[in-house]
Participant: 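Sharing a structure, written as structure tokens. Questions coming.
Letters go in sequence order (proteins before strands), and every chain restarts at 1.
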Protein chains: 2
Amino acid sequence: MQNKTIKDIAKTLGVSTSTVSRALSDNKEISLKTKQKILAYTKAINYIPNPMALSLRGKINKSIAIVVPTLHNSFFSDVIAGIDSIAHKKGYHIIIFQTQETYNREVEEVLQALGRRVDGIAISLSGQTDNFDHVIKLIDDKFPIVFFDRVPTFEGAPRITVDNFRLAYECTQQMIDRGFKKFAHVATPLNLNNIRERHEGFVQCIKDNHLQFDKRLLKICNYDPLQAHNAVKCLIENFKIDAIFTSSDKITIDTCRALNDLMPNDHIITQFGFTNLSTADLISPPIISIKQPAFELGAITAEVLLHNIETTEYENWKTEDIKIN
Amino acid sequence: MQNKTIKDIAKTLGVSTSTVSRALSDNKEISLKTKQKILAYTKAINYIPNPMALSLRGKINKSIAIVVPTLHNSFFSDVIAGIDSIAHKKGYHIIIFQTQETYNREVEEVLQALGRRVDGIAISLSGQTDNFDHVIKLIDDKFPIVFFDRVPTFEGAPRITVDNFRLAYECTQQMIDRGFKKFAHVATPLNLNNIRERHEGFVQCIKDNHLQFDKRLLKICNYDPLQAHNAVKCLIENFKIDAIFTSSDKITIDTCRALNDLMPNDHIITQFGFTNLSTADLISPPIISIKQPAFELGAITAEVLLHNIETTEYENWKTEDIKIN
DNA sequence: TTGAAAGCGCTAACAC
DNA sequence: GTGTTAGCGCTTTCAA
């Protein structure tokens, strides 16, 4: 069953390989008759050109790399689904690389992606990354790369994000409108742009409403549920808070569990925050949840990336940032 | 920055391409000195051989295809994470193909995977698939393929599944032990092996406890939430049921929403079922939830597939089915 | 121990 | 309108 080659086809049909190649590439320098004969045959045998050979010839590979911190996160799964939806339409396949949130893996995986000669890279940075040489090099070399969600601070390649500031601001405003006054924020470290922007939107909204945000009410946790538990415990015991803002998926869940553990019956504290779970509406105690348009983010990332891949003139590449609403 | 080729290296070092190739492949027909010189240099420049060239030469590609119905499902995301964890260790990359639950896409995507010359395929069948020629052909050709979760009825290639019957049986037994007596089952169509096995485990347990299962209490729904709503409504209005069994992720959620809508305050019906959501414990009304070991399923799938890929003697391939507990 | 050359599947000059 | 050939990066005979 080994996929037939252009050579086999040529032999079977009694023509040369270049004739077959021409028929396949819709070249005009070929008679309609031979072309139809060849196309009929290739269709019949389900011929698929060997992408390795194409790639070796310098043609594009029709594959893009997606580099994400982890797949254990419905946000990234949704983004990938969005990227795939666009990529598939244009005949591209996606190859997934996980960095497990470490800088070393990120460098390695980017190298691997290049080694595989993907046509472009869509990347969301690891939580550890603070050196950007590996991606700057790509930008300098005009290799198609697009950042999404967790993006670097410098310009040069498109950065596709959701409008974290605005989403956080608006949700906080809703809470204030409903009468909440004393807010805490349980967050993962602010070195990631998205988390930082969410914090800023949250604080700005509080300020704009002439309320105060006590800095001790910002609790930074890592990915350990126990830290969230302790943070919530500290908040409950020491401060009279109305509401807790949580600014990413996992921490939202951890905080929710902490609240359930620490005050199982009276839900006097209301939680609001970012989560991409499909079941956010079913969770108890209820969370006012902010859902990022992850699928759409992926779709736009793919569109920009594919545009650049398929545009040979560098000056026509898209480089501007996009904030999705 | 275009990755250097073996030719560039040869030129820089003043040796021939074959010498470089030999150094890289740890060939013994080469002096230690030249070898070390070459290796030092290739390491310094971060040389990665072009996998396209390797693949063209008939070497393996170090990539495997994962064909899944959809990525919009935390079960499959987790399986993929599990596959990747093993594949990455052995230097393989994963390329993901979605069938969107349709037979036509499944055939097409399998063809695409072969076109890409992946070394093997891990596949979970679409909900529509009832013709298996496309995969039987691969098995006949001794192409490495492993089925997981949604597997065909015939033997010949490894089928990795969770023990659906047992999981369903045990959970039902728990419910009976807690005093529940009158059960309904809200399910997606039973043509998929996993759903059918779950139903069988559920019914068998009821029978073994000398209870009766009224067949009218099996409600088949598709992926539309409205169908689940109507099914639940019908069950509530016409039958005095204690508990509802739901046998897959999405239908579990849909049923949960339906219960919330139809009887928001008195939770006289208890739901138990399969779900892979990380937040199953937070959902209200509480669900007795059965979690499949998705990550582990993926890991084992990858192990079997990679074993077969790397084993040249066909008689040493693993072909037996595996049920994970 | 090393180099030269062929060939994997394909495309694109260049011939005819 | 069609065939011949070189070459993409690599490995592997075969010579030296």
Side-chain angles (χ1 to χ4, degrees), chain A residues 1-39 41-42 45-63 91 111-112 114-119 312, chain B residues 1-39 41-42 45-63 91 111-112 114-119 312:
Chain A
M1 76 113 246
Q2 209 24 302
N3 230 305
K4 289 226 187 324
T5 72
I6 218 169
K7 208 165 156 184
D8 301 325
I9 298 170
K11 208 191 305 177
T12 315
L13 262 41
V15 294
S16 76
T17 57
S18 32
T19 305
V20 178
S21 174
R22 273 189 276 257
L24 257 20
S25 63
D26 215 25
N27 194 307
K28 66 270 315 304
E29 299 184 345
I30 185 176
S31 73
L32 193 63
K33 215 173 101 189
T34 6
K35 184 156 141 187
Q36 286 175 337
K37 182 176 70 174
I38 294 171
L39 288 182
Y41 181 68
T42 52
I45 63 166
N46 260 330
Y47 169 76
I48 299 182
N50 185 330
M52 310 310 163
L54 292 180
S55 157
L56 202 50
R57 288 272 323 168
K59 296 283 165 202
I60 58 176
N61 203 341
K62 291 252 174 190
S63 67
L111 238 38
Q112 284 289 338
L114 293 177
R116 289 208 155 257
R117 304 300 189 274
V118 294
D119 300 313
T312 31
Chain B
M1 78 114 249
Q2 211 21 304
N3 230 305
K4 289 228 187 320
T5 72
I6 218 169
K7 209 166 157 184
D8 300 326
I9 299 170
K11 207 191 304 179
T12 315
L13 263 41
V15 295
S16 76
T17 57
S18 26
T19 306
V20 178
S21 173
R22 273 188 276 258
L24 258 19
S25 63
D26 215 25
N27 194 306
K28 62 273 313 309
E29 299 182 345
I30 185 176
S31 74
L32 194 62
K33 219 174 96 189
T34 5
K35 183 157 143 186
Q36 285 175 338
K37 183 175 70 173
I38 294 171
L39 288 182
Y41 181 69
T42 52
I45 64 165
N46 259 329
Y47 169 76
I48 299 182
N50 184 331
M52 309 310 161
L54 292 180
S55 156
L56 243 201
R57 289 274 323 170
K59 296 284 165 200
I60 58 176
N61 202 343
K62 291 250 173 189
S63 67
L111 238 38
Q112 283 290 338
L114 294 176
R116 291 207 155 258
R117 304 302 191 274
V118 293
D119 300 313
T312 30

Participant: For Thr17(A) and Lys7(A), work out which heavy atoms get closest and say how close.
Facilitator: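 For Thr17(A) versus Lys7(A), the nearest heavy atoms are CG2-CA, 3.9 Å.
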
Participant: Side-chain contact, heavy-atom cut-off 4.5 Å: Leu114(A) with Ile48(B)?
Facilitator: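 No; the side chains remain at least 4.5 Å from each other.
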
Participant: Considering residues at least two apart in sequence or located in another chain, which fulfil the side-chain contact (heavy atoms from CB on, under 4.5 Å) criterion with Leu13(A)?
Facilitator: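 Checked Leu13(A) against side-chain contact (heavy atoms from CB on, under 4.5 Å); matches are Ile9(A), Val15(A), Lys37(A), Ile38(A), Tyr41(A).
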
Participant: Only counting residues at least two apart or in another chain, list the ones meeting side-chain contact (heavy atoms from CB on, under 4.5 Å) with Lys11(B).
Facilitator: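 Result, side-chain contact (heavy atoms from CB on, under 4.5 Å) vs Lys11(B): none returned.
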
Participant: Can you name the side-chain contact (heavy atoms from CB on, under 4.5 Å) partners of Ser63(B), sequence neighbours left out?
Facilitator: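 Applying side-chain contact (heavy atoms from CB on, under 4.5 Å) to Ser63(B) gives Arg116(A), Asn61(B), Ile95(B), Val118(B).
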
Participant: Toward the 5' end of DNA chain C, which comes first, Ala53(B) or Val15(B), by nearest nucleotide?
Facilitator: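 Per heavy-atom nearest nucleotide, the more 5' residue is Val15(B).
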
Participant: Applying side-chain hydrogen bond (donor to acceptor under 3.5 Å, both in side chains), can you list everything that pairs with Thr34(B), at least two apart in sequence or on another chain?
Facilitator: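 For Thr34(B), the residues satisfying side-chain hydrogen bond (donor to acceptor under 3.5 Å, both in side chains) (neighbours in sequence not counted) are Ser31(B).
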
Participant: Which ones in residues 30-37 of chain A lie close to DNA chain D, meaning a heavy atom under 4.0 Å from one of its atoms?
Facilitator: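 Going residue by residue through residues 30-37 of chain A, the ones with a heavy atom under 4.0 Å of DNA chain D turn out to be Ile30(A), Ser31(A), Thr34(A).
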
Participant: What is the distance, to the nearest angstrom, from the CG atom on Asp8(B) to the C1' atom on dG9(D)?
Facilitator: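 After rounding, the gap between these two atoms is 10 Å.
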
Participant: For every nucleotide of nucleotides 11-16 of chain D, 5' to 3': is a protein heavy atom under 4.0 Å from its base (B), only from its sugar-phosphate (S), or from neither (-)?
Facilitator: BB----

Participant: Starting at CD1 of Ile48(B) and ending at P of dG9(D), how long is that distance when rounded to a whole Å?
Facilitator: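 Result: 15 Å.
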
Participant: Taking any atom closer than 4.0 angstrom to a non-hydrogen atom of chain B, what span of DNA chain C does the protein reach, first nucleotide to last?
Facilitator: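 In short, chain B contacts DNA chain C from dT1(C) to dG9(C).
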
Participant: When the axes are fitted on five pairs at both termini, how much does the helix from dT1(C)-dA16(D) to dC16(C)-dG1(D) curve, in 10° steps?
Facilitator: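 Taking the rotation axis at each end, their angle is 50°.
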
Participant: Nearest nucleotide by nearest heavy atom, which residue falls closer to the 5' end of DNA chain D, Lys7(B) or Lys28(A)?
Facilitator: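 Taking each residue's closest nucleotide, the earlier one in sequence belongs to Lys28(A).
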
Participant: Can you sort out the partners of Ser16(A) under side-chain hydrogen bond (donor to acceptor under 3.5 Å, both in side chains), two or more places apart, ordered by chain and number?
Facilitator: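 With neighbours one apart ignored, the set is Ser18(A), Thr19(A).
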
Participant: Distance-only, no hydrogens or angles: does the Arg22(B) side chain make a donor-acceptor pair with backbone N or O of Val20(B) under 3.5 Å?
Facilitator: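 Checking the backbone N and O of Val20(B) against the side chain of Arg22(B), no donor-acceptor pair under 3.5 Å is found.
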
Participant: Partners of Leu39(B) by side-chain contact (heavy atoms from CB on, under 4.5 Å), sequence neighbours excluded?
Facilitator: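 By the side-chain contact (heavy atoms from CB on, under 4.5 Å) rule, Leu39(B) matches Leu24(B), Lys35(B), Thr42(B).
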
Participant: When you measure from the side chain of Ser55(A) to the backbone N and O of Pro51(A), does any donor-acceptor pair fall under 3.5 Å?
Facilitator: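 Absent.
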
